[in-house]
Amino acid sequence: MVEQKLSVDAEYDLIVIGGGGSGKSAALTAAQSGLRVALLEKMPQTGGSSIYAEGTCAFESSEQKMRGVPAHEGKHFPSREEGFRRYMEYSHHRANPDVVRMQVDNTAETIDIMKSLGIVYTDVNIYAYDQPNELYTFHRPDGLGEHVQEILLRACVNAGVDIFTSTPAKKIVMQGDAVTGVLAQDSDGNTMHIACKAVILASGGYGNNPELVKKYSWLYRNADFTYQCVPTENTGDGLAMALEAGADTDNIGAIMVIPCARSKTLTSHVSGAGSQPVLWVNKTGRRFASEEVAMSFADAGNTVAKQPESTVYSIIDSDTVRHLMEDGSDIGLGDFIEYHMKLTRLQAELDQDVTDGFAWKGNTIKDLAKSVGLDPVVLDQAVAEYNEACDKGFDPLFYKPAKFLRPVRKPPFYAINMAASVLVSDGGIRVNGNLQVTDTDYKPIPGLYAVGNEASGLFGDTYNLDVPGTANGFAHASGRVAARHVIKTLKNE
């Protein structure tokens, strides 16, 4: 903690650290109430992980009420009570009930606010159309997350928020146990002391910092082998500043993991093919799970992440390549790989990846194994056993549903190198239901808040994809609720 007297370069009521969805929602709410607000963003532009968000979770929203029921027969839009119970049960009751209640009570308002800014919602659905356990909470905006962030940025500017890009925050300034300012570095490398009455940490967590993933998460053995398919800079800045200011942590190991082909993005057709429920083997050359786990990228990510070196090889034959190109995908990955989307670029991408050494090809399974570096005998046996299960329509090892049992027989054969990609961290700084950061005695630190992926309380150890849009919904709701608590506190001073 910094308790020395420093010359002040600027003064605001509120400083928001981080310009993603949670930070912008907080800054906009505070500025619209008349507070003087500065937003500090370390990157040259705002947006953060939120530009990759596809949908926003909400309960009992105006969009759900307008539609009445989902497009799928026999389904319904969940109540806030259903949402509350699902979060608690999915986390095995490790979630903070106060934070969960904040989420389910405030996400509907997010939809109305976005609509008032000009956002149009094209549908309210689920993330994966083949996933029976998902709640119908996925509000998909026209233009997706990138467009939403553009609209929010414009709203923040119009509301009078002073936005400083290429300006990383370095330290929270304290007087006693209360926040009084922030030390930041301007684009020229000069240190600035910005005084304030409150700070909202919204810098996105630590998911893109392998050292912190290794230190805090269950992925400590394989963190060095993960692949970053989303180029964000959520490196734990807010967590470090909060801990120095006396904060404590909770469920800090929660991370969102997704399988992705190494060297690829989530829209790649090779990555989309490798993420299908085809034959998966790890570095031992053996199967290790029912590949139907692919229906939930969060569960599939965990499954891949715990394999040796977080590496999995999706083994497909020419018949499967043709099937995916002509008939389409068997499962969907949201808007990245749509359900039953024809992977028309697959063969061309595969050929290029084989040339570049990111995928492998063989006229026999043993030849393929040698190219990959697997034991040819082990892989050949694994494929033979798998093909026998396909012929019988029954998987005696992992009980994979028959509809996903597609044999591997027609050469040439391909191996796609799939890796675990940590998208974001989902747990970290402990907060209460007002998003106030709490110290080791569970007491709020005056003037300090954490929102979005910076804060913990909504998850156990895994992102719950069965309430789709949760992270984005939490970002906007938590930012707004934290700002309102700042407003109320300052007006009562």
Side-chain angles (χ1 to χ4, degrees), residues 1-19 22-41 96 98-99 102 160-164 167-184 191-204 237-250 428-452 454-457 477-493:
M1 287 186 275
V2 176
E3 297 185 346
Q4 62 204 59
K5 289 195 174 182
L6 302 167
S7 59
V8 174
D9 298 296
E11 187 171 353
Y12 291 88
D13 295 312
L14 170 67
I15 295 176
V16 178
I17 299 175
S22 60
K24 286 203 197 76
S25 289
L28 177 61
T29 301
Q32 287 177 332
S33 77
L35 297 189
R36 297 166 298 159
V37 182
L39 188 152
L40 309 182
E41 169 57 56
N96 181 338
D98 293 336
V99 175
M102 185 286 304
V161 177
D162 288 341
I163 299 175
F164 300 89
T167 307
K170 296 296 185 179
K171 191 183 292 286
I172 297 168
V173 181
M174 309 285 290
Q175 187 66 44
D177 63 351
V179 169
T180 60
V182 171
L183 296 185
T191 297
M192 300 186 299
H193 176 208
I194 309 174
C196 64
K197 300 174 182 177
V199 169
I200 296 179
L201 297 169
S203 57
D237 306 342
L239 173 63
M241 287 185 283
L243 292 176
E244 187 177 14
D248 204 356
T249 59
D250 194 25
I429 303 168
R430 188 174 64 224
V431 296
N432 60 21
N434 296 317
L435 287 308
Q436 294 172 282
V437 174
T438 55
D439 63 18
T440 55
D441 293 322
Y442 289 79
K443 296 178 180 178
I445 297 175
L448 187 57
Y449 300 77
V451 297
E454 204 82 86
S456 66
S478 63
R480 191 170 62 253
V481 170
R484 285 178 176 161
H485 194 269
V486 172
I487 295 165
K488 180 180 178 181
T489 300
L490 296 187
K491 286 186 176 179
N492 289 336
E493 285 185 346

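Only heavy atoms go into these numbers, but all of them, side chains included; no hydrogens, no water, no symmetry mates.
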- Query: If you round to the nearest 0.5 Å, how far is CE of Met241 from CG of Leu183?
  - Reply: 10.0 Å
- Message: Check whether Ser25 reaches the backbone of Ser22 with its side chain - one donor and one acceptor, N or O, closer than 3.5 Å.
- Response: no
- Task: Considering non-hydrogen atoms only, spot the tightest contact between Ala31 and Val37 and give its length.
- Result: N-CG2, 3.7 Å
- Item | Test log, rule side-chain contact (heavy atoms from CB on, under 4.5 Å), inputs Ile172 and Leu201 | CA-CA 10 Å; Ile172 297 168; Leu201 297 169; 4.2 Å; yes
- Item | Heavy-atom side-chain proximity of Leu243 to Thr249 below 4.5 angstrom | yes
- For the residue pair Ile445 and Met174, establish whether any side-chain heavy-atom pair is separated by less than 4.5 Å. yes
- Those residues that, when tested against Asn96, pass side-chain hydrogen bond (donor to acceptor under 3.5 Å, both in side chains) (two or more places apart): none
- Item | Heavy-atom pair of closest approach, residues Asp439 and Asp441 | OD1-N, 2.8 Å
- Say you draw a straight line from CD1 of Ile17 to CD of Glu41; how long is it, rounded to the nearest 0.5 Å? 11.0 Å
- Side-chain (Asn432) to main-chain (Asn434) donor-acceptor, under 3.5 angstrom: yes
- Item | Spatial distance of atom CZ (Phe164) from atom CD1 (Ile15) [nearest 0.5 Å] | 9.0 Å
- Query: Do you know which two heavy atoms are closest between Ile487 and Ala30, and how far apart they sit?
  - Reply: CD1-CA, 4.0 Å
- Message: Tell me if a side-chain donor or acceptor on Lys24 pairs with a main-chain N or O of Gly19 at a distance below 3.5 Å.
- Response: yes
- If you measure from CZ on Arg480 to CG on Leu435, what distance do you get to the nearest 0.5 Å? 11.0 Å
- For Asp9, what residues pass the salt bridge (Lys or Arg N to Asp or Glu O under 4.0 Å) criterion, not counting sequence neighbours? none
- Item | Exercise: identify the closest heavy-atom pair between His485 and Tyr449 | ND1-OH, 2.8 Å
- Message: Return the OG to CD distance between Ser203 and Glu454, rounded to the nearest 0.5 Å.
- Response: 3.5 Å
- Gln436 CD to Ile200 CD1 distance, which is reported to the nearest 0.5 Å: 11.0 Å
- Message: Quiz question: by atom type and distance under 3.5 Å, do the side chains of Thr438 and Arg430 form a donor-acceptor pair?
- Response: yes
- Message: Could you report the tightest heavy-atom contact between Ile429 and Ala247, atom names first, then the distance?
- Response: CG2-CB, 4.3 Å
- Ile194 versus Leu40: any side-chain heavy-atom pair under 4.5 Å? yes
- Note on the structure: Minimal heavy-atom distance between Val451 and Ala202, with the atoms involved, is CG2-CB, 3.6 Å
- Item | Verdict with supporting geometry, His193 and Val173, side-chain contact (heavy atoms from CB on, under 4.5 Å) | CA-CA 9 Å; His193 176 208; Val173 181; 4.0 Å; yes
- Asp237: what forms a salt bridge (Lys or Arg N to Asp or Glu O under 4.0 Å) with it, not counting sequence neighbours? Lys42
